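This report concerns only the one structure given below.
Chain identifiers are assigned alphabetically (A, B, ...) following the order of the sequence lines, protein sequences preceding nucleic acid strands; residue numbering begins at 1 within each chain. Here the structure is a predicted model, which means the values were calculated and not measured.
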Amino acid sequence: NKNKILAPNYEVTSETVYSTITGYKQSLAKVYGSFALTGNQGPAGQGDIQGIDEGTSDFFRLLWYAQELPTDEAVIGWGDPGVPDFHNMNWSSGNVILTGLYYRSMYQITLANDFIRQSTDAEISKRGFTGADADNIRHFAAEARFLRAYQYSVLMDLFANPPFVTDANAVGSILPPQTDRKTLFTYVESELKAIDPLLVDPKANEYGRADRAAAWSLLARIYLNAGVYTGTQRYADAMTYSKKVIGAGYTLINNYDNLMTADNNTNTSEFIFTINYNGAKTQGYGGTTFMTHASVGGSMPASSFGIGGGWGGIRTTSALVALFPANSTTSFPNNGNPDTRAEFWTQGQTLAINDITSFTDGYSVTKFRNLNANGTDASSKDFSDVDMPIFRLAEQYLIYAEAAVRSNTDLPGALTYVNTIRTRAYGNTSGNITSGQLTANFILDERGRELFWEGFRRSDLIRYGLFTTATYVWPFKGGVKNGASVGDFRNLYPIPDQDRAVNPNLKQNTGY
Amino acid sequence: KKDGVKVTATPGTPGALTASATTIVLTSATAGDNAVSFSYTPTDYGFKSAVTYTLQIALKGANFANSKDIGLTAKSKAYTGADLNTMLLSMGLIAGNPAQLETRIKSELATNVQTTYSNVLTLTVTPYFDIPFYASLYVPGAYQGWSPATAMRISSPSDNKLYEGYVNYTDAGSLEFKYTSDPDWNHTNYGDAGSGKLSTSGGNLSVPSTGYYLLKADLTGNTWSVTKTQWGIIGDATPGGWGASTALTFDSATQTWGGTIHLTAGGFCKFRANDAWDINLGDNKPANGILKYGGENIPVTVTGDYKVTLDLTHPAFYFYSLIKQ
Amino acid sequence: KGKVIDETNLPLPGSSVSIDGTTMGATTDGAGNYTITGLKPGNYTVTAKFLGYTAFQKTVTVGNSVVTVDFALKPQNTNLNEVVVIGYGSAKSKDLTGSIATVTAKDFNTGSVTTPEQLIQGKVAGVSIISNSGAPGAGSTIRIRGGASVNGSNDPLIVIDGVPLSNEGIAGAANPLDMINPNDIESFSILKDASSAAIYGNRASNGVILITTKKGQAGKPIVNFSSLFSVSKLTKEAPVLNPDQFRAYIKANDNTTDKRYVNLLGTANTDWQKEIYHTGIGSDNNLSLAGTAGKLPYRVSVGYTDQNGVLRTSSLKRYTADVNLSPSLFTDHLKINFNFKGAQVKQRFANEGAIGSAVNFNPTVPVRSDDAKFSRYGGYFQPLDPDPTSASGLKSLAPLNPVGLLEQNDNESKVYRAITSLALDYKFHFFPDLHANVNVSYDGSRGTGFDEIPGDAASNYYSYKDPGTGKYYSGNDSQYKSVTGNSLFEGFFSYFKDIKSIKSHFDVVAGYSWQDFKNTSYVNFYTLPNSSFSYSSKFADGTVNPNSASNYPFYINESQLTSLYGRLNYNYDQKYYLTASFRSDVSTKFAPGIRTGNFPSVALAWKINNEDFLKNNPTLSTLKLRLEYGVTGNQEGIGDYEYLSQYSLSNSTAQYQLGNQFYQLYRPGAYFPGRTWEQTSTTNAGFDYGFLNDRITGSVDYYYRKTKNLLVVIGQPAGTNFGNTIVGNVGDMTDEGVEFSINDKIINSQNIGWTVGFNVTYNKNKITNLTTIPNPNYPGIATLGVAGGTGNNIAIDQPGYSRNTFFDYQQVYGANGKPIDGVFVDQNGDGIINDKDKLHDHSPDPKAFFGLNSDFRYQKWNIGFVARASLGNYVYNNVASSTGVQRNFINPLTIINNGSSDVLNSGLTGNSDKDVLSDYWIQNASFFRMDNVHIGYNFGKLFSGAGDLRISGNVQNVFIITKYKGVDPEVSNGLDNNFYPRPRIYSLGLNLALK
Ligand SMILES: [Ca+2]
Ligand SMILES: [Ca+2]
C-alpha cells in the first residue's frame, strides 16, 4: 500500500481535462463562470469560497455591496453579517463581505493563472493541438489574461494593494508579495495592451466572451480613474480608448427599460462584455438573482417582476431620486417621469428613510426584472436570466464625456454622447442639454441616472472627492440619518484580516 | 473572558460642548482658515458605549426647530470659514448680517433610550457670500495697466457664452480695454470688430466716458456692449416710494454702492440703475441677499435708518445688505 | 461460601456467584472468596462467572450447615490469561497498566435502549455520551476525554469483537451503531489513554471502544426471552406565545396604516407543537438460545424492535440475528470463533423541518381548511400570496404548515448490514506458549431509501418550471442506494510465559493487519422505460427533474490501511508492571512517501497492595499506581483523496453560457499534498484504589494530551490554492483533565443490598496554535453557523481558547434588567460597533460532568436510578434568538410568525444585525438529569424451576433541573436549534429464562 493510488471515479487529473479542446473549453468556462456561479453545484452546495454564506459569495453581489451600499444609491434592510457596515461606513478588516469579495477576485485570478499555465504554446504542442484548435486555445488564454486583468483592476479600485500572483507562480509555490496601487495600474495597463492583438476583434467573439473592445473598455475605465490610482491624470488615454470602443460599431438599444431584463442577452448592440446568468442552468443566489429578488418587497407584486417572491432588502435614498425630474404619477414603471431611467417603485414606499431595516422606507428600484422585454416569463421564477453587463456602451460615452470636460477637449463630442444617452432616456430630445450645462458635476449626476445600481457609484464618488467628505452627505451616510462624513481612509477597503493572518507579506491599508 | 456580570446602562450624563470662538465674522479672505471648532466630551452611559452624536445648530430662540443636524464621527468638529459660511447661508442667514445661533450636541444610544443633550452654546456669526467663480472673460485695460492676471472679469453663470460684469472707469485717458479668454495674453483675445461685433484680431474695446459700466459679451453671436449705470434704491419702504429712486453713492474704497437710508416697516424695496426699470435688481424667494435681474421685492420688517450696501464687484454675482443702524 | 480461582490457581476477585432462580448472589473478594447467606434448605444451582471465563455451574444441596462450593474457572475461548478485553487480547483487570474502563451487561442501563452506546451513558468517567436527538435510532455524540481534534473527527474508534468499524456513515441509517442489537452485547471496554489505545495507531486518538458480544456457554441450553413495551411522551414544548398572546402581540406591534399584519390573524386556536408530536409506542423483543451442542458452544439470537418517535411519522423497525459458534478442535489447540451479526433496519424519517415550523407557524389559523384556496395543497392551510397572479399561490419565504410537512413526505430507508467474522486461534502443538491468530471479517451494508413528496405538498409545490413549455412541476421522488464493504485480514502471534524462578510474566503480541474500506453510493438510479438509466430525481408525476441530474451514476470512495503492531506486557512478582506497544500504519489517505505513521506507547504500574507492607491490609485493599505515555493518531474526517490534485465537473445547474451553448465547468480542487494524520501524545497518571476488601473501589486519573498536526480549517494565502481555506494539518491543541470514580457497595447482605457509583470528569480544552507560523493575532475560524440572518456564526476556534468558544457582542441592559435593543459594549472603544467588538465568551463544553447511579435491592425487589449532571456548559439558544424578536413576529415580508415567548421579556426587535450574535442568547445550560429510574421484581423459579421470570418498570429522562430557558440544555455542540426533542419513556419489561 505504500505507493498505491486509489483514485476517485468522479474526479479527473489535469492531463485528462486538457487532453481535448472540449476540456479546455470547460476549464475556460470555469474561469468565466466564477463570475456568475458560487461553486460547482447550482444554486449552492459546493462553494468556491469558504467562510462566507455561499449565496453571498458570488462576484457581482459582493461587488455591488461594496460599490453601492456605502453610497447615495442604495440601502439594505438586512442584518446579514457585515452588510450594515457598508451604509454605516464602519467596516473593519474582519468584514466578511469584503473578505469574500477579495477572495472571489483572487480566486478567479488563481483560476486564470492555472488556465494560462495550461495553455502555453509548449503545452499546446505537447498535447498535440494544431490548427484551429491551437488558435482557439491561444484566444482562450488571452481571454483568461483579460479576466485576470479585470479582477486586478477591481482589487486595485477596492483594496489598492492586494497580493500579486501570476501564471509565473505555480500553485502554492510562493507566499504572494504585496503589490501597490501604482505598480498594479501599470501591470493592468500593460497586460491589456499586450493582449489587445491576441484577442478576437470587437463583436467577433461568442456571447459572454471577451474581445478587444472589452480590453479597450477596461483601459478607458482605469484611465478615467488614473488620478485616483496613481496621482496622474490620464484623460487623453481615457478618451482614446473609449473612442475606440465607441467606434467599434456599438449602438445603444432603443429602450432603457429593457436593459436589465431576462432576455437582455439580445442587447448585444450595447453590451460589450457580460456576466451570463440563466435561471435553469446557471443558478445561484447572487448576481442578478439577488438584484431581481432583493429589490422586491413591500406591496410590490412579485410576479410582475418575474419572481416567485421578493427578498425585501435593497432600496435607494432620496439623493438618487433627486437626480431625476419630478414624478407625475405613481404608476409602474416610470411614474410619469420624463426620464425613463427613473425606475422606482413608489407605491407603499416613502421617499425618506427613517428605519433602514424597513423595506418600505425609501423607493425601491425596478431596473432589474426577471421578465423578458415583452413581459413574458423567464426560465425560472427562482433564479434570474438577466445578464449583467460589465461594460456597456453608455458607460464609454460617459467616460469620454467626463475625460473631455475635465481636460477641456472636444467638448462638442462630449455633448453629443451625453445627449445621445439622454435622448434614449427621454425618448426624444426634450431632455438634451446645452454645452453650458455640460460640467463635470453634471456628468457625475448623469452617471448616477444612467448607471445606478450597476456597481460604479463608490468609485465615482471617490473620483469626485465626495465619498468620505462632508462636501456631500446623503441619508444614512456614515450610519447617521442626516449623513455624516467619515475618515478619508475609508476611500480604500482594508486588506482582510484572514489573508494577513496567513500571508505576512501583506501590510494593512492606512487607517485600519 | 467575560465575568458574567450584566452591563447596565445608566441614563446618559451628557458631555460638554465647547467652541473655539463664539463671535465669528466670516470673510471670503479667510474662507480657507479654521473658523470655529466644536469639541465635546462623550456622554457617559456607564459603559464603553458607541453613541450617535449629532451637532445641532439652529437660530437662537427657535428651540432647535429646523436645526441643522450634523452627524459626527469624531470627538470634535472643525469648520473652515467656507464650510461654515455655506451652512449659515443655507440656514437663511444673510451675508454681512450678524445673527445669533444656538448649538448643542445630541447623544443617542438607541431608539428606545432617552436622548440627551449637552449644554447650549450661543454663537454670533456673520456670514459672507461664497462667491462662485463662473466661466469668465478677463477685462484687461488701461484702467488697471493692461494686466489680464489682475483684471476685472465678466462671467457667464450658466456657461452659455453670455458674459457680464461691472467695471468702474475713473480716468478719462484710460477708457480702452480688451476681453481675454484666460488671465494672460497667450490665448484667445477679443477686440473690436466694429458694429458691436467682437473679433480676435480687432482693436481695443472702449467705454465712451468715465463711469460705472455694465460690460457684456456674447461669444455665440460675437457681440459686445457697455452700459453706464448710476444706482439707487426704490420702493414703498424708501423715502421716494415707488415713484423715484433714492440715489446711492459709490464708495471707491469698497467699490460698492451705498448710503444710510430711512426704511419703513411693511414696505419693500429694490435696486435699479439710471432711475429706470431697464436694469433692476431684486432678491430671491425666500430672500437670501443675492440679487438677480428683475428679482423679488425686498421686504423691510423694522422701520429705521439702514446702512444700505449694493455690491456689484463680483461678475454675475451681486448682493446687498440692509443693516439697521 | 467458597472460593473462585482461575486456571493458574490464583484467586479471581470480582467473580460473581449467583444462585440460579433467585436474586441472591455475591461477588468474590480480593482473595477469591465469597459468601452467600440466607438460603433456605434445598437444592440449588450455583453459577460462578467471570468476564472472559466460562461460567461454571454446580448443583448443591443446602441444609442447615455451611456448604462450601469452590469453583475453578477456565478461561473462555482463549488460552491467554485475561479478563478485560483490550486491544488484540485481553488482560486481567488487576494487571492493567492503562486507563481502561469496563462495563459489563449487569451494569448496563435498562429500559428502552435502541442503540448500544446508550447502555453505558453516564457510567464511565471521562466518557461523555449525548444522544443527538430524540428520533428513534438516533445516534449519540461520544467523546472520550473531549476528543482530540478540531475539524477532524472526534469520534472514538469502535471495535466489535475484534473488527474495527468504519467511521463512515451508512446511507439510510441514522447511526451505524444502531445496526447492533444492544441485547447481544456482553461488555464494553473503553481504552481512554494513549498507552492502551496506541495499539490502534492512527485511529486511536479519540479513544477506542471495544464491544464484546455474547457467546455460547457450557451447560444446558438456555432460552432467554425478553420483551419490553414502551411509551414515549414529549417532556416540554418549546415556549411560544399562545394564540391569545399572539393576537395581542401582533395587534400591539402592527404599526402599518393598513393593518396588514393584523389582517393575517385568524380565529382558530392551534397548538402546532401538539399537532406534530404524539405519544410514541415501542416494543423490543429478543429471543436467544445459548448452550453447547456436543462440542460446539453456540449462541443464536433474534431481536425485533419497533419504535414510533414522538414526532409523528418517525419510526424504526429493526430485525437482528446473531449467531456465534465457538468450537475447539484438536484437543483445544485450535479454537474457532465464528460470528455473524445481521440486521435489517427500516426507518421512516420525519421531516424535522416541522419542528421549527411548529414554533414559527401562526397559531391563529387551522391545520386544515375546506376553503377551495387550499385544496391544491392537499387541504392544509398555508400562507398565501396576496398577489393573484402568483403561479404557486404560496407566500414566498413563509413557513409551511408543520402538519403538512410531516404528512406530505414519505422518507424511508431500508438498510441491511452483516458483519461476519471468523477468528482462529491456534496453539502450537509443540510450543503451547505460542499462539497464532488469524482473523478475517467482512462488514457489509446496503442501504436504500427514497424520499417522496406528493404533488400537492406545499414544500415542493411548483418547484420547477420547464423553461421550454412553461409548465410547472411539483413534488419529488428521489432514491438512493449505498453499498459499503469493509474487509479485514488480521494475523498475529501471541506468546506468554511465566518464569516462576524470576517471578516474571511475559505476554507478547505481534501482528499484521490489512483493512479495506469501500463505499459506493448511487444517486437516483432509475431505470427509465427505454431501458436507459437516469441519475436524476423525479417530480411527483414521474417526469425526470433535469436539475437533479448527476454527472456520475455512482461515487466510489475507498481507502486502505495496512499495519504492523506489537506489544509487550511484563510484570515482576505482580508488583511492577510494564507495557510497551508499537504500531505502524500505512494509510492510502495520504500521499505516497508520507503514508507511514508510527505510534509507540509505554506504561508503568506499581501494584502497591502486593507489597508486603500492604498485603492483606483489609482497609486499603487495592492500590495501584499507573503512569502512561503514548502517541496516537487520527485519520478520520480526512477524505479519501484529499492529497490529490483533481478537477471535478460542475453539475447541470452550475453551467456557464459561452455563445449559445452552456458548459459544465471543470473546477480544479483545493488540495493539500502534505495531508497527514493528527498526532496526539497523551500522558496519563493515576491510581486505582480499593478499601474495605474492595467494597469501595475506584480510580483517579490525570491526563494531559497534546494534539499536533491538528486537522483544522486554515486560511490559504490568496492566490496560492484553489480555495481560500482548506482543512490542513496545522496547529496544536491540548486537553487536560481529571477523572474520578468511586463505586461503593454500601450494603451487601442476603436480603438487602445497596450500591452507589459516582464519577466525575473535569476537562479543559485549549487550542494553542492554528497557523504554520504561530500567530497570536490569528483571527481564528468562525464556527457554529446559526439560523437567523444569513451566514452568521456564533463561535470561533482561536488560539488561547477552547474549541467552539462563543464569540459574541456583549449586550447592554437597562435599569429594568431588560436588554436594550441593539446596544452593545464598544469593547475596543473606537466609538463604532463592528466585528472588532466581539468578545470571547463561554464554551459549550462543560467544565465538569458527573455520573451517579445507585441500585437498591430488597428481597425480590430492586430499584435504582442513573443520573447525570453537567456543570458550566453553555448553549446558544438559537430557537429564541431566531424567533424571539419582533422582526420574526412582524416579518417585513408581510408574514406573521409565532416564536419564542421570550420576546415578551426581552422586547428585542432583531433589527440590529448584531442582535442575533448577542451574548443575551448564550445561556447557562448546567443541568442535573435523572436519566433513568427503574424498579424490578424477580418472581424467581417458575415452571418447576425451569424458568426464571423478572419484570421491570422503567422511566427514562425522568426530570431535568436546569436554568436553561430552551427545551433541553443538553446539546452536544452548544447550538440549540429545534432539534428532535428527547422524550420521556415509560417502559415495562419482562425477562424469561428457560432451560
Ligand atoms: Ca441570461
Ligand atoms: Ca468598536
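Between C:Gln810 and B:Val7, some side-chain heavy-atom pair lies under the 4.5 Å cut-off.
Of all residues spanning residues 46-54 of chain B, those with a heavy atom less than 4.5 Å away from chain C's heavy atoms are B:Phe47, B:Lys48, B:Ser49, B:Ala50, B:Val51, arranged by number. Annotation: residues 79-87 of chain B contacts chain C through no residue [non-hydrogen atoms, separation under 4.5 Å].
With a 4.5 Å cut-off on non-hydrogen atoms, C:Tyr920 does not touch chain B at all. For C:Val823, the part lying near chain B is the side chain, with the backbone staying farther off; criterion is any non-hydrogen pair under 4.5 Å. Contact of C:Ile832 with chain B is made through the backbone alone, with heavy-atom distances under 4.5 Å.
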Exercise. Should C:Ile820 and B:Val113 be marked as a side-chain contact (heavy atoms from CB on, under 4.5 Å) after you check the CA-CA gap, both sets of side-chain angles, and the distance that decides it?
Worked result: CA-CA 8 Å; C:Ile820 306 178; B:Val113 174; 3.4 Å; yes
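Within a 6.0 Å sphere centred on NZ of C:Lys836, other residues, nucleotides and ligands contribute more than 12 heavy atoms. Enclosure of atom CD in B:Gln114 is not indicated, since only 12 or fewer non-hydrogen atoms of other residues, nucleotides or ligands lie within 6.0 angstrom. Within a 6.0 Å radius of NZ in B:Lys75, other residues, nucleotides and ligands contribute more than 12 heavy atoms. The environment of B:Asn66 atom CG is sparse: at most 12 non-hydrogen atoms of other residues, nucleotides or ligands sit within 6.0 angstrom.
Between chain C and the options B:Thr8, B:Leu109, B:Thr10, heavy-atom pairs under 4.5 Å are most frequent for B:Thr8. Interface remark: of the candidates C:Asn924, C:Asp821, C:Asp826, C:Asp826 forms the most heavy-atom pairs closer than 4.5 Å to chain B.
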